[in-house]
Amino acid sequence: MSFIWFILIGLAAGWLAGQLVKGSSFGLLGDIIVGVIGALLGGFLFSTFGVSTGGGLLGSLIVATIGAVVLLFGLRLIKSA
């Protein structure tokens, strides 16, 4: 059951990051991929800086969304170079 929540959080985070960075979503599969990679990146960044969101559904969504935004911003920098 936790795997399903991970995918749903990834989907929501990918969609939110797409809205914030690009202005539109990447489609269902693209949003899931961006969100899941963003969740892993966000978890790494938050633990590296010692920041805690308190856990739970909202905390996971925040971490995943921030990670996905960082991912998309980094990809945009690489693409423009």
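Remember, it's a predicted structure, so these values are computed and weren't measured experimentally. Heads up: numbering here begins at 1 and tracks the sequence.
- Minimum interatomic distance between Ala39 and Phe6 (heavy atoms only, all atoms of both residues): CB-CE1, 4.2 Å.
- The shortest side-chain heavy-atom distance between Leu57 and Trp5 falls under the 4.5 Å cut-off.
- The distance from the CD1 atom of Ile7 to the OG atom of Ser2 is 10.5 Å, given to the nearest 0.5 Å.
- With hydrophobic clusters built from ILVMFWY side chains whose heavy atoms lie under 4.5 angstrom apart, Phe26 shares a cluster with Leu20.
- The backbone N or O of Leu11 sits nowhere less than 3.5 Å from a side-chain atom of Asp31 that would complete a donor-acceptor pair.
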Let me check something: any side-chain donor-acceptor pairs from residues 58-76 under 3.5 Å, sequence neighbours excluded? List them with distances.
residue	atom	partner	partner atom	Å
Ser60	OG	Gly56	O	2.9
Thr65	OG1	Leu61	O	2.7
Arg76	NH2	Val21	O	3.1

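- Under the 4.5 Å side-chain contact rule for hydrophobic residues, Ile9 and Phe44 do not share a cluster.
- The CG atom of Leu41 sits 4.5 Å away from the CG atom of Leu45 when rounded to the nearest 0.5 Å.
- Under the 4.5 Å side-chain heavy-atom criterion for Ile, Leu, Val, Met, Phe, Trp and Tyr, Val34 and Ile78 are members of distinct hydrophobic clusters.
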